[in-house]
Amino acid sequence: MPDHPILASIRTKLADPSKKFSFLVDFLAQPGRGGELAAAIAAARVITLTHGEPGCLTYDITQDVDVPEKFVAYECWANIDALAAHMQTEHFARVGAALEQYLAGAPSIRVLMSAE
């Protein structure tokens, strides 16, 4: 089975996929639908469930208090295999379906590596 597009994109940016990495995902809900998207994220319980996954070091999805249609996800994983396993979970599928329904456009992804 081919990689999820996000996983494939991140994989190409990592010099060593066995090392810790982080990434930010900026995404925008359709006008006036920020509350619905936030509710769908909460209903999927993706934040709580992801915290318990092996290799998850940090995982949060935040909503801008001034512009409720703007969201940022921050994730830190022990390695690319841990992220790949996360993307096979039921809660990842649920939040993905919510994003698909409410997003105004494609999210932007920034991969981050530790300076140490």
Side-chain angles (χ1 to χ4, degrees):
M1 180 165 93
D3 280 348
H4 184 283
I6 292 172
L7 183 65
S9 173
I10 291 170
R11 189 184 301 276
T12 66
K13 296 176 183 182
L14 299 177
D16 184 350
S18 69
K19 291 191 175 183
K20 177 180 91 168
F21 68 96
S22 303
F23 65 99
L24 294 167
V25 181
D26 295 295
F27 55 100
L28 190 63
Q30 297 165 6
R33 301 195 80 185
E36 292 173 86
L37 179 53
I41 291 167
R45 299 189 57 236
V46 68
I47 297 169
T48 300
L49 293 170
T50 301
H51 285 163
E53 292 179 38
C56 175
L57 305 175
T58 304
Y59 186 93
D60 200 9
I61 302 174
T62 59
Q63 184 178 20
D64 190 306
V65 296
D66 293 320
V67 184
E69 286 78 26
K70 288 185 179 182
F71 292 80
V72 177
Y74 175 70
E75 303 184 31
C76 184
W77 293 91
N79 55 53
I80 197 73
D81 291 338
L83 177 60
H86 164 66
M87 291 183 159
Q88 298 298 315
T89 64
E90 186 178 317
H91 51 275
F92 178 79
R94 282 195 309 265
V95 81
L99 290 174
E100 211 171 272
Q101 181 178 357
Y102 297 113
L103 280 186
S108 71
I109 300 169
R110 293 179 280 161
V111 178
L112 310 166
M113 295 298 298
S114 175
E116 292 188 68

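With sequence neighbours excluded, the residues forming a salt bridge (Lys or Arg N to Asp or Glu O under 4.0 Å) with Glu36 are Arg33, listed by chain and number. Not counting sequence neighbours, the partners of Glu90 by the salt bridge (Lys or Arg N to Asp or Glu O under 4.0 Å) test are Arg94. With sequence neighbours excluded, no residue forms a salt bridge (Lys or Arg N to Asp or Glu O under 4.0 Å) with Asp60. In terms of the side-chain contact (heavy atoms from CB on, under 4.5 Å) criterion, residue partners of Lys70 (sequence neighbours excluded) are, by chain and number, Leu28, Asp64, Val67. Remark: Thr48 pairs with Arg45 by the side-chain contact (heavy atoms from CB on, under 4.5 Å) rule, at least two apart or across chains. Take Ile80 and apply the side-chain contact (heavy atoms from CB on, under 4.5 Å) test, not counting sequence neighbours, and it matches Leu7, Ile10, Arg11, Leu14, Pro17, Phe21, Leu83.
With a 4.5 Å cut-off on side-chain heavy atoms, Phe92 and His4 count as touching. Looking at Thr58 and Tyr74, their side chains come closer than 4.5 Å, going by heavy atoms from C-beta outward. Between Asp3 and Met87 there is no side-chain heavy-atom pair separated by less than 4.5 Å. At a threshold of 4.5 Å between non-hydrogen side-chain atoms, the residues Val46 and Ile61 count as touching.
Here Thr89 contributes atom OG1 and Glu53 contributes atom CD; the two are 5.0 Å apart, rounded to the nearest 0.5 Å. Separation of atoms CD (Glu75) and CG (Leu24) is listed at 9.5 Å; rounding is to 0.5 Å. For the atom pair CD of Gln30 and CG of Leu103, the computed distance is 7.5 Å after rounding to the nearest 0.5 Å. In this structure, Ile41 CD1 and Leu99 CG are separated by 5.5 Å, a value rounded to the nearest 0.5 Å.
Under the 4.5 Å side-chain heavy-atom criterion for ILVMFWY residues, a single connected hydrophobic cluster contains both Val111 and Ile6. Hydrophobic clustering (ILVMFWY, side-chain heavy atoms < 4.5 Å, transitive): Val72 and Phe23 are in distinct clusters.
Glu69 places no side-chain N or O within donor-acceptor distance of the main-chain N or O of Pro31, the cut-off being under 3.5 Å.
Taking every heavy atom of both residues into account, Pro107 and Val25 meet most closely at CB-CG1, 3.6 Å. Considering every non-hydrogen atom in both Phe71 and Pro68, the closest pair reads CE1-O, 3.5 Å. Taking all atoms of both residues into account, the shortest heavy-atom contact from Leu37 to Ala98 is CD1-O, 4.0 Å. Closest heavy-atom contact between Ala82 and Gly55: CB-CA, 3.7 Å.
Surrounding NZ of Lys13 are more than 12 heavy atoms belonging to other residues, nucleotides or ligands, all under 6.0 Å away.
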For this session: I would like to know whether His86 and Tyr59 meet side-chain contact (heavy atoms from CB on, under 4.5 Å); could you show each step before the answer?
Result: CA-CA 11 Å; His86 164 66; Tyr59 186 93; 3.9 Å; yes
